[in-house]
S.K.: 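Dumping the structure here so I can ask a few things about it.
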Amino acid sequence: QAKAGAPGTRENSEAPSTLLGILQIRAHDQPGDKWLVIERRVYDISRWAQRHPGGSRLIGHHGAEDATDAFRAFHQDLNFVRKFLQPLLIGELAPEEPSQDGPLNAQLVEDFRALHQAAEDMKLFDASPTFFAFLLGHILAMEVLAWLLIYLLGPGWVPSALAAFILAISQAQSWCLQHDLGHASIFKKSRWNHVAQKFVMGQLKGFSAHWWNFRHFQHHAKPNIFHKDPDVTVAPVFLLGESSVEYGKKKRRYLPYNQQHLYFFLIGPPLLTLVNFEVENLAYMLVCMQWADLLWAASFYARFFLSYLPFYGVPGVLFPRMPRHNYSRVAPLVKSLCAKHGLSYEVKPFLTALVDIVRSLKKSGDIWLDAYLHQ
């Protein structure tokens with residue numbers, strides 16, 4: 001048995017008596033019936049999933065799987081979290097069962113965990129207070145500068161366009177900052193990260209921190225997995241992967257999907273960011289009764305109106321765990337791991353990535369058209 005505080009440590013020193021096989025565990029991946037494996041121990045999360053701080057969907061996406069690496073990646077204080085797992089313990093993997101999901105390369109899993117430990121030893125998970133203090137400072141400075149431009153020069157086209165440009169940069173940087181806070185990558189204590197995220201996401205952007213974490217954690221838990229990653233669930237406006245064939249076979253044609261790579265530029269950015277996010281964000285706060293987040297968001301709009309209403313009037317005011325400064329240091333380690341296991345490691349400029357998105361949309365549209373006409 002590992003000593004307290006060591007990797008893989010368990011809160012309760014008594015080993016469970018029930019030995020379970022992978023096939024037994026995989027039978028429990030239904031709504032209301034969820035098991036998962038963490039550090040070779042099997043837990044029944046069927047009822048508790050609704051109380052999971054990250055949401056029932058996030059933990060449910062790992063149903064009947066080995067969630068060890070996700071468990072370690074998403075939680076800062078593992079020993080604290082294990083206290084909540086202990087009452088859910090129902091058994092452990094039989095000795096002959098592998099320590100990871102069958103399809104995974106055992107050596108790759110081992111090397112990844114070694115890389116994670118190396119990153120910890122290099123203190124790449126330690127945030128730079130100076131970096132984030134400067135980031136917040138320049139966000140606030142741009143907010144003030146934009147207002148001063150209108151206050152001193154008036155609401156003409158030139159100062160208005162310049163102020164809008166400055167506010168756009170401020171909003172983009174606020175989005176990145178709240179992202180870092182949501183991943184608990186700035187402060188040592190999760191609570192301080194969450195409080196700061198509420199301020200940045202609510203007061204500086206007018207969004208709900210809970211809403212963002214709810215969808216973004218799912219993205220990181222199952223990136224680009226259809227029906228689990230909200231970021232690739234964009235039907236019926238755009239079709240990707242499995243949905244292309246599904247819509248084609250069922251003869252669904254709400255839009256000319258074979259031309260989606262073209263109309264992406266017309267409706268993609270404004271629809272996904274201005275409409276979908278705004279509506280989804282508001283609906284989440286109301287349905288989930290996140291009243292504190294709603295007040296934070298209201299404070300953003302109140303500040304915005306009070307700041308610019310005197311200049312424009314009502315008609316003239318029309319309404320986004322490792323600190324990112326360490327990404328460049330960990331990148332060579334990840335690249336080396338990928339090379340060892342024959343995995344593709346790609347770094348693309350923004351415009352290249354944009355071209356790839358268009359190509360992917362065209363490919364998925366062509367697949368839909370073929371299925372629509374011939375299947």
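Values reported hereafter were calculated over all heavy atoms of this structure, with side chains retained and with hydrogens, waters and symmetry mates removed.
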S.K.: Quick check on the 6.0 Å ring-centre criterion: do H210 and F214 meet it?
M.R.: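 No - the distance between ring centres of H210 and F214 does not fall below the 6.0 Å cut-off.
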
S.K.: State whether K222 and E65 are salt-bridged, where the test is any N-O pair (Lys NZ or Arg NE/NH1/NH2 against Asp/Glu carboxylate O) under 4.0 Å.
M.R.: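 E65 and K222: salt-bridged.
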
S.K.: Ring centroids only, cut at 6.0 angstrom: are F187 and H194 within range, meaning strictly under it?
M.R.: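 That pair fails the under 6.0 Å test.
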
S.K.: Y372 ring centre to K251 NZ or CZ under 6.0 Å, with the angle to the axis within 45°?
M.R.: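 The answer is yes; both the distance and angle limits are met.
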
S.K.: Going by atom types only, do Q107 and D111 share a side-chain donor-acceptor pair under 3.5 Å?
M.R.: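 There is such a pair (donor and acceptor under 3.5 Å, judged by atom type) between the side chains of Q107 and D111.
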
S.K.: Using modelled atom types and a 3.5 Å cut-off, is there a donor and acceptor pairing between side-chain atoms of Q260 and backbone atoms of L239?
M.R.: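 Checking the backbone N and O of L239 against the side chain of Q260, a donor-acceptor pair under 3.5 Å is found.
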
S.K.: Can you tell me which residue among Y257, Y247, Y254 is in a ring pair (Phe, Tyr, Trp, His ring centres under 6.0 Å) with W368?
M.R.: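 With W368 as partner, ring pair (Phe, Tyr, Trp, His ring centres under 6.0 Å) holds for just one option, Y257.
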
S.K.: Do L167 and V144 belong together in a cluster built from hydrophobic side chains that touch within less than 4.5 Å?
M.R.: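 Cluster IDs for L167 and V144 match.
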
S.K.: In terms of the angle between their ring planes, are Y308 and F304 parallel, tilted or perpendicular, with boundaries placed at 30° and 60°?
M.R.: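 Ring orientation, 0 to 90° scale: tilted.
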
S.K.: Mind checking whether H216 and H220 have parallel, tilted or perpendicular rings, split at 30° and 60°?
M.R.: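 Ring orientation of H216 relative to H220: perpendicular.
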
S.K.: Taking the ring of F238 and the ring of Y263, is the distance between their centroids below 6.0 Å?
M.R.: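 Yes - the distance between ring centres of Y263 and F238 falls below the 6.0 Å cut-off.
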
S.K.: Thinking salt bridges, do D29 and K34 make one under a 4.0 Å N-O criterion?
M.R.: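 Counted as a salt bridge, because a side-chain N and a carboxylate O are separated by less than 4.0 Å.
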
